[in-house]
Amino acid sequence: MKLNLLDFTYSELEQFCSGLGEAPFRARQLWQWLWQKRERDFGRMTNISKELRERLGQTADVLWPEVVHVQASRDGTTKFLLALADGQHIETVLIPEKDHFTLCLSTQVGCALGCTFCATGRMGLVRNLTMAEILGQILVAREHVAGLTQGQTQGQTQDQTPDQTQELATGQILGQTQGLALRNLVFMGMGEPLLNWENLRRALESLHHPLGLDFSKRRITVSTVGVPGMLSEFGASGLASLAVSLHAPTQDLRARIMPRAARFVLDDLIAELAAYPLQPRQKITIEYVLLGGVNDDLGHARELVRLLNKVKAKVNLIPFHPSSELPYAAPDMNRVLAFENLLKSKGLPATLRKSKGQDISAACGQLRADVAALE
Ligand code: SF4
């Protein structure tokens, strides 16, 4: 079986080139073709000798996840269903913001943690994604964004079939998003990122390479429910910002809605967050999905303030979007606003996040890569 060059870090690519008897600068050229120019065909890597291109073709491949379906939301959010080499599927979501795109990435096929408000959790864990599969989502998204910038009809990219384009962005959305660059990454898609730490760490290191994808650390956020022993390692790496999916202010309530995640006892999680290394003005983002009648009253808000009083935190409130397969209701908007106001009045920074892409099941907790639904 051929090696996928997208699975190599920069130093591994240098070793690979030296194993072929090539000078280190060849790795730099290849890296640029792979990540900056998004080239998959060795034949078109024109500054590399013909002889080396032929040898590369015999031993290696450049394999991206395959786009099998693209859906565009009324709000401009685009969801990609991607097939992996072994036939598994994942989803990744491109979200337009005011002056850039944010990509929400998956790190696992499914998830072992089974949070009760999350469609991915119902799949169970199938497997971890490789570095190539994690970063391949960015290559797909950048190719799509490049297509928008060039004004390709309704955002069609080379991977999309004509009938897929019928579900793509309308001309109006195309106009709104043309010229935006993909600058922010959030690891909040399918899977628990810190349970795939080794591949995530390699992906984050590769992301920062100036001759490659070249993302700033400040523009990358990893969202975790908290994995014992992993927060300090992630913090020490300094590779990205931290967001924690908390969703409940007490151990009992957290154990009810996130039974497996809550095995990391709340007091211990909070103690790790209080000791987490931060830059002077940096804060940890606390994600809190408001489930109607479950965790959304003012008593919960007060408990949350108390719980976080030793943590440098800002809270992101996410009103739950109901779906037929999940046993929760949307919160009342008056309660949501009262919850937000209480946090702010006690000096805890809070923002209300409007979930995007709800009409295409691309909002928080809605990803499930349901291939059967396409048939
Ligand atoms: S919320 Fe995150 S950790 Fe929980 S089941 Fe869903 S993907 Fe897994």
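We count ligands from 1, going down the list as the structure has it; atoms in each ligand are counted the same way. Any value given below was found using the heavy atoms of this structure, including those in side chains, with hydrogens, waters and symmetry copies removed.
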Checklist entry - Are the side chains of L211 and R28 in touch, meaning some heavy atoms are under 4.5 Å apart? => result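 When only atoms from C-beta onward are counted, R28 and L211 do touch, with a gap below 4.5 Å.
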Checklist outcome for this item: The reported gap from CZ in R201 to CG in N196 (rounded to nearest 0.5 angstrom) is 11.5 Å
Item to check | Option among Q88, Q108, E133 that satisfies the side-chain hydrogen bond (donor to acceptor under 3.5 Å, both in side chains) test with R127 | outcome: E133
Next on the checklist: Given 3.5 Å as the limit, does a donor-acceptor pair link the side chain of T120 with the main chain of G110, or not?
Outcome noted: no
Checklist entry - Is any protein N, O or S atom closer than 2.8 Å to atom 4 (Fe) of ligand 1, and if so, which? => result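 Checking every protein N, O and S atom gives C115 SG.
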Checklist entry - Is the ring centre of F16 less than 6.0 Å from the ring centre of F8? => result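 They qualify: ring centres under 6.0 Å apart.
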Checklist entry - Does the ring center of W31 lie less than 6.0 Å from the ring center of H209? => result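 Aromatic pair counts; centres sit under 6.0 Å.
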Checklist entry - Can you list the atoms of ligand 1 that are under 4.0 Å from a heavy atom of G191? => result 7 (S)
